[in-house]
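Have a look at the structure below before the remarks.
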Amino acid sequence: MASIRELHKQLVKKERSAVEITQEALDRIQTVEPKLHSFLCVTAERALEQARAVDAKIAAGEEIGLLAGIPIGIKDNICTKGITTTCASRILENFVPPYEATVTQKLAAAGAVMVGKTNLDEFAMGGSTETSAYGLTANPWDLSRVPGGSSGGSAAAVAAGECTVSLGSDTGGSIRQPASFCGVVGIKPTYGLVSRYGLVAFASSLDQIGPFARSVEDAATLLQAIAGHDPKDSTSLKVPIPDYTASLQPDLKPKGQLKIGVIKETFGEGLDSQVEEAINVALAQLQNLGAEIHIVSCPRFRYGLPSYYIIAPSEASANLARYDGVKYGYRADEAENLIEMYTRTRATGFGTEVKRRIMLGTYALSAGYYDAYYLKAQKVRTLIKEDFERAFEHVDVLACPTAPSTAFKAGEKTADPLSMYLVDLMTIPVNLAGLPGISVPCGFDDSGLPIGLQLIGKPLREDQLFQVAYAYEQSTQWHLHMPQV
Ligand code: GLN
């Protein structure tokens, strides 16, 4: 599959048109979608129209940017004006946003071609894309397995070549974990680097939008296009955005200049032995490239999961209060009065996992429990942040597995929410601390399922993450493997 840079070259040299590139993606979608179901809706007409506009620019001798004419998938919790945005929930079944998210607005301005909206766990709550109200997405490497989640559709679509890159959102691991399960690159940026305007809120203090790509360079190119201050998002940071692709070098020399800290708490019990082995081989490879490897401790890392499952549902319970059958989407009929309409709408419009979170969050925030649960969880969050800060006093980048295992079978964890929550053990602390984290392919297990290496950076040091990930990727072959769908 061609990279952004290769496609750009072909366009500029007029070897291929944007319409041809778009049509190829649409054809691929038509071929594999019956097996994968990465997309909730395919926007073929609009995509071809956008492609024609790019071709017209090229024909007129105008300069085009790197993303012009590049097929991209957008997670269906990102608002697209005039195109349904369902969050994979019944409650937003027919919701057509009257406005455009900042990220998709930026991408459209850059000439990127949106081919469709991708499947996800309902309201991004889940780790397998199985809580979607509109059916499962299959893992392109093994159709009986999940693609991870919640951005499973975005990850599967890129892995299977249905689009060149895609956008997902990551509240507790929803970009990095599916990237790991599908063998692609996924990055969750520093909290506040990318505007959340138009991203349907799950847990506002944790949510971030970020790219999926088949290479580090493509991911860096996409992040470049969507990062930056946005007056429409009050948590958006006012910081200069570095040139991410400029830092991409094939090695990490001079030797010893870059220190990588391996988080020791992420190894041991609960970690699949083949994942552990692949991570150790990857770390040795990083050492060969010039990095200095240290073992570091984040003793409170393991409290990330319990504190996240107080904080995220609390915020979700407040954010999801707006779906009452009046303002958006679905409304239950045959109600006798207003209260009954509200309750019926929410009872039938939301799926089980979403209702579980709303109840957990409402409970944790209620008078008498607030201090014991919510406040305590926020204190733990501060301690986890301090663990990272302490670790970063000695090293530049942290490393650990992205997920404790490779992709599991569909249905394997649906009856046991706690086992599903555990798949985000290693990604959640990064969201709690607001740090950037990337997952890069680092091998396959005996069943041929991809394994991901997670690299965690200091705040706003995405450039460093890209640098390390790129040097690693270029010295390996993992990113060149494509699943046979
Ligand atoms: N799997 C985690 C959850 O269910 C994280 C989801 C996410 O990052 N959106 O909350």
Side-chain angles (χ1 to χ4, degrees), residues 74-78 87-89 118-132 137 146-155 166-182 186-189 191 194 196 199-212 304-320 350-361 364 377 381 402-405 407-408 412-414 416-439 452 454 456:
I74 303 291
K75 188 176 182 179
D76 205 27
N77 62 350
I78 296 174
C87 291
S89 181
T118 58
N119 199 10
L120 64 151
D121 280 296
E122 186 177 3
F123 282 100
M125 297 176 189
S128 65
T129 314
E130 291 171 290
T131 71
S132 167
T137 293
V146 302
S150 63
S151 314
S154 291
S166 65
L167 287 185
S169 67
D170 190 313
T171 305
S174 280
I175 292 175
R176 290 157 290 157
Q177 184 257 32
S180 167
F181 280 15
C182 290
I187 177 166
K188 179 203 90 76
Y191 184 77
V194 176
R196 289 183 297 113
L199 169 68
V200 178
F202 162 12
S204 314
S205 77
L206 301 157
D207 300 340
Q208 264 296 283
I209 295 172
F212 284 96
L305 198 76
S307 63
Y308 171 89
Y309 276 98
I310 297 292
I311 294 167
S314 295
E315 293 186 20
S317 72
N319 278 327
L320 270 58
F350 288 133
T352 310
E353 184 58 31
V354 173
K355 283 190 270 195
R356 182 181 294 122
R357 307 266 179 130
I358 292 173
M359 284 196 284
L360 273 173
R381 182 178 190 171
T402 304
S405 73
F408 46 90
E412 195 179 313
K413 295 185 195 288
T414 38
D416 179 5
L418 204 59
S419 72
M420 187 73 85
Y421 296 171
L422 281 166
V423 298
D424 287 320
L425 202 61
M426 293 154 183
T427 46
I428 277 174
V430 182
N431 298 71
L432 289 170
L435 302 172
I438 191 168
S439 180
Q454 181 177 216
I456 304 162

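What's counted below: heavy atoms across the whole structure, side chains too, no hydrogens, waters or symmetry copies. Computed from a predicted structure; not experimentally measured. Whatever order the structure lists ligands and atoms in, that order sets their numbers, starting from 1.
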Do any side-chain atoms of residues 305-314 form donor-acceptor pairs under 3.5 angstrom with protein atoms, and if so which ones, sequence neighbours left out?
residue, atom, partner, partner atom, Å
S307, OG, Y303, O, 3.0
S307, OG, G304, O, 3.2
S314, OG, I310, O, 2.7

Using the rule given for side chain to side chain donor-acceptor pair (under 3.5 Å), can you reason through N431 versus T171, listing the C-alpha separation, both sets of side-chain angles and the distance that settles it, and then say yes or no?
CA-CA 6 Å; N431 298 71; T171 305; 5.8 Å; no
N/O pairs closer than 3.5 Å, ligand 1 and protein:
residue, atom, partner, partner atom, Å
ligand 1, 1 (N), G126, O, 2.9
ligand 1, 1 (N), D424, OD2, 2.3
ligand 1, 4 (O), G126, N, 2.8
ligand 1, 4 (O), Y309, OH, 3.3
ligand 1, 4 (O), R357, NH1, 3.4
ligand 1, 4 (O), R357, NH2, 2.7
ligand 1, 8 (O), T171, N, 2.8
ligand 1, 8 (O), G172, N, 2.6
ligand 1, 8 (O), G173, N, 3.3
ligand 1, 8 (O), S174, N, 3.1
ligand 1, 8 (O), S174, OG, 2.7
ligand 1, 9 (N), A124, O, 2.8
ligand 1, 9 (N), S150, OG, 3.4
ligand 1, 9 (N), T171, OG1, 3.4
ligand 1, 9 (N), S174, OG, 2.7
ligand 1, 10 (O), Y308, OH, 2.6
ligand 1, 10 (O), R357, NH1, 2.8

List for me each residue that meets side chain to side chain donor-acceptor pair (under 3.5 Å) alongside S150, sequence neighbours excluded, and say none if there are none.
K75, S174
Using salt bridge (Lys or Arg N to Asp or Glu O under 4.0 Å) as the criterion, list what pairs up with D170, not counting sequence neighbours.
R176
On a heavy-atom basis, the closest approach of V430 and I456 is CG2-CD1, 3.6 Å
Just by distance, do the side chain of E353 and the backbone of T131 share a donor-acceptor pair under 3.5 Å?
no
